[in-house]
Amino acid sequence: MSNSHHPKPRTPTIVQLRAFLAVVEHRHFRDAAATVGLSQPALSGAVAALEETLGAQLVERTTRKVIITPLGERVANHARRVLAALHDLTEEVEAARRPFTGPLHLGVIPTVAPYLLPAVLRLVRRSYPELDLHVHEERTPSLLEGLATGRLDLLLLALPAGGSAPTRDIPLFDEDFVLITPPDHELAGRSDVPRDVLLDLDVLLLEEGHCLRDQALDICREVGADPSGGSTRAAGLSTLVQLVAGGIGVTLLPATALDVEAGRTDRLAAVHFAAPAPGRRIGLATRPGSARSAEYERFAASLREVLTELPVRIVE
């Protein structure tokens, strides 16, 4: 694209940057359009306008997939910083006006949401009635992208959060993983099993993109097991548990999910590992230097108090 008729560089708009970042995240114009609330033609137009403004090709459009050019990847990094800074500006003004008021966009991973949200929502209703809480259940990569661009304010997920952009992690608690088997399994009901029992078991896993899948794989690999689970993959813990109840294999559940998922049927048994049991740390993640950092620390302290009723070890 020639920029000869643009002697002075023009500034990209916020809409253009948001549209382009959605395409970078999803590599798909229809999915990207849905996440930013634009029609597909409007999204394509915004990305084309950004390329025109910058005088550079950022996206290769093929019939099969969307490819981001090397320059496009660098522009995406700048765009994330611009949108995060803009979000921090409005957030700082809001936080200074009145703490614990206005919108708070909380991202939660699917393997935490059903088990912790009841306690979180009770806390918000009781202690922060003027907080306008919006909950977004997404997998970890999408949450981290949302935090980096300012679409999300605070994440509730497994720590360390990881991701390419830095985060400030606030730990809440540690929890053990529990092995779920059919009731007639030879391990059913035991509470002292070593991790290496996983060597001889067909461990079912969540599908790609869940951090719990990666954690389960790490536990299995530590003892030299290779959990293929065949071609069976589940999108959520409820499905995994149903597969185990149907005799297809065994699976690992976080302790907070045990009552909800395994309590629905008598066709499951829990097996507890010998100490130290494998587990995960759950906490909050924010952008470093967020204007609402002090609020989030107080929120975390309040959360620790209400989460003591769960089978977890609170991290002070």
Side-chain angles (χ1 to χ4, degrees), residues 18 21-22 24-26 35-36 77 80-81 83-88 90-92 94-95 99-100 102-124 127-128 131-175 206 208-215 236-237 254 256-257 279-304 306-307 310 312 314-315:
R18 283 210 171 102
L21 277 181
V24 172
E25 182 182 348
H26 293 278
T35 60
V36 292
N77 287 332
R80 287 186 191 100
R81 290 198 292 273
L83 292 180
L86 186 71
H87 184 83
D88 285 344
T90 54
E91 195 180 49
E92 186 160 347
E94 186 61 34
F100 292 110
L104 175 68
H105 290 267
L106 174 68
V108 192
I109 53 174
T111 59
V112 159
Y115 322 113
L116 265 63
L117 274 182
V120 173
L121 297 176
R122 279 197 304 273
L123 171 68
V124 170
S127 302
Y128 312 115
L131 195 63
D132 179 19
L133 183 67
H134 301 261
V135 176
H136 305 258
E137 185 186 39
E138 299 168 23
R139 296 180 190 179
T140 302
S142 176
L143 291 182
L144 292 169
E145 176 82 14
L147 186 69
T149 60
R151 177 174 65 84
L152 300 173
D153 303 308
L154 187 63
L155 308 182
L156 179 57
L157 76 177
L159 298 181
S164 53
T167 59
R168 183 161 166 276
D169 297 350
I170 309 171
L172 293 174
F173 63 82
D174 293 324
E175 67 175 325
L206 291 170
E208 300 280 351
H210 287 280
C211 62
L212 184 58
R213 172 192 171 84
D214 300 329
Q215 291 154 357
L237 292 182
T256 46
R280 65 178 182 176
R281 173 163 286 189
I282 298 295
L284 300 172
T286 72
R287 285 184 300 282
S290 165
R292 300 175 81 175
S293 289
E295 275 179 68
Y296 298 151
E297 286 288 355
R298 281 165 58 196
F299 187 61
S302 301
L303 263 181
R304 290 187 196 105
V306 300
L307 295 175
L310 295 173
V312 300
I314 300 296
V315 179

Go through the steps for Leu86 and Asp88 under the test side chain to side chain contact (heavy atoms under 4.5 Å, CB included), then give the verdict.
CA-CA 5 Å; Leu86 186 71; Asp88 285 344; over 6 Å; no

Could you give all pairs that pass the salt bridge (charged side-chain N to carboxylate O under 4.0 Å, His left out) test and reach residues 140-151, with sequence neighbours left out?
Arg80-Glu145, Glu138-Arg151

Listed by chain and number, what are the salt bridge (charged side-chain N to carboxylate O under 4.0 Å, His left out) partners of Glu297, not counting sequence neighbours?
Arg168

Hey, could you give me each pair passing salt bridge (charged side-chain N to carboxylate O under 4.0 Å, His left out) that has a residue in residues 103-113? Not counting sequence neighbours.
none

How many angstroms lie between CG in Leu157 and CG in Leu212, if you round to the nearest 0.5 Å?
12.5 Å

Side chains of Val312 and Leu172, heavy atoms from C-beta outward: is any pair under 4.5 Å?
no

Do His26 and Val36 have side chains that approach each other closer than 4.5 Å (heavy atoms only, starting at C-beta)?
no

Could you go through the side chain to side chain contact (heavy atoms under 4.5 Å, CB included) check for Thr256 and Leu307 one step at a time?
CA-CA 10 Å; Thr256 46; Leu307 295 175; over 6 Å; no

The reported gap from CG in Leu284 to OH in Tyr296 (rounded to nearest 0.5 angstrom) is 10.0 Å

Any residue meeting side-chain hydrogen bond (donor to acceptor under 3.5 Å, both in side chains) with Ser290, in chain and number order, not counting sequence neighbours
Glu91

Spacing of Asp214 atom CG and Leu206 atom CG [to the nearest 0.5 Å]:
10.0 Å

State, yes or no, whether a side-chain contact exists between Pro288 and Pro166 at a heavy-atom distance under 4.5 Å.
yes

Taking the side chain as C-beta and beyond, is there a heavy-atom pair between Val306 and Arg122 under 4.5 Å?
no

Residue pair Gly283 / Leu159: nearest heavy atoms and the distance that separates them:
CA-CD1, 3.7 Å

Atom pair OG1/CZ of Thr140 and Arg213 - distance to nearest 0.5 Å:
13.5 Å

For residues 102-120, dump all side-chain donor-acceptor pairs below 3.5 Å to protein atoms at least two apart in sequence or in another chain.
residue: His105; atom: ND1; partner: His136; partner atom: NE2; Å: 2.8
residue: Thr111; atom: OG1; partner: Arg280; partner atom: NH1; Å: 3.0
residue: Tyr115; atom: OH; partner: Glu261; partner atom: OE2; Å: 2.6

Any side-chain heavy-atom pair of Leu303 and Phe173 under 4.5 Å:
no

Could you pull out the closest heavy-atom pair between Ala300 and Ile170, with the gap in Å?
CB-CG2, 3.7 Å

Paired with His87, the side chain to side chain contact (heavy atoms under 4.5 Å, CB included) test is passed by just one of Asp153, Leu152, Leu147, namely Asp153

Walk me through whether Phe299 and Leu123 qualify under side chain to side chain contact (heavy atoms under 4.5 Å, CB included).
CA-CA 9 Å; Phe299 187 61; Leu123 171 68; 4.0 Å; yes

Interatomic distance, CD@Gln215 vs CZ@Arg281, rounded to 0.5 Å, equals 12.5 Å

Any donor and acceptor pair, going by atom type alone, linking the side chain of Glu295 with main-chain N or O of Phe100 inside 3.5 Å?
yes

Residues passing the salt bridge (charged side-chain N to carboxylate O under 4.0 Å, His left out) test with Asp169, sequence neighbours excluded, are none

Closest non-hydrogen atoms of Leu237 and Pro254, given as atom of the first, atom of the second and distance, are CD1-CD, 4.1 Å

Quick one: does any side-chain atom of Arg18 pair with a main-chain N or O of Thr149 as donor and acceptor, under 3.5 Å?
no

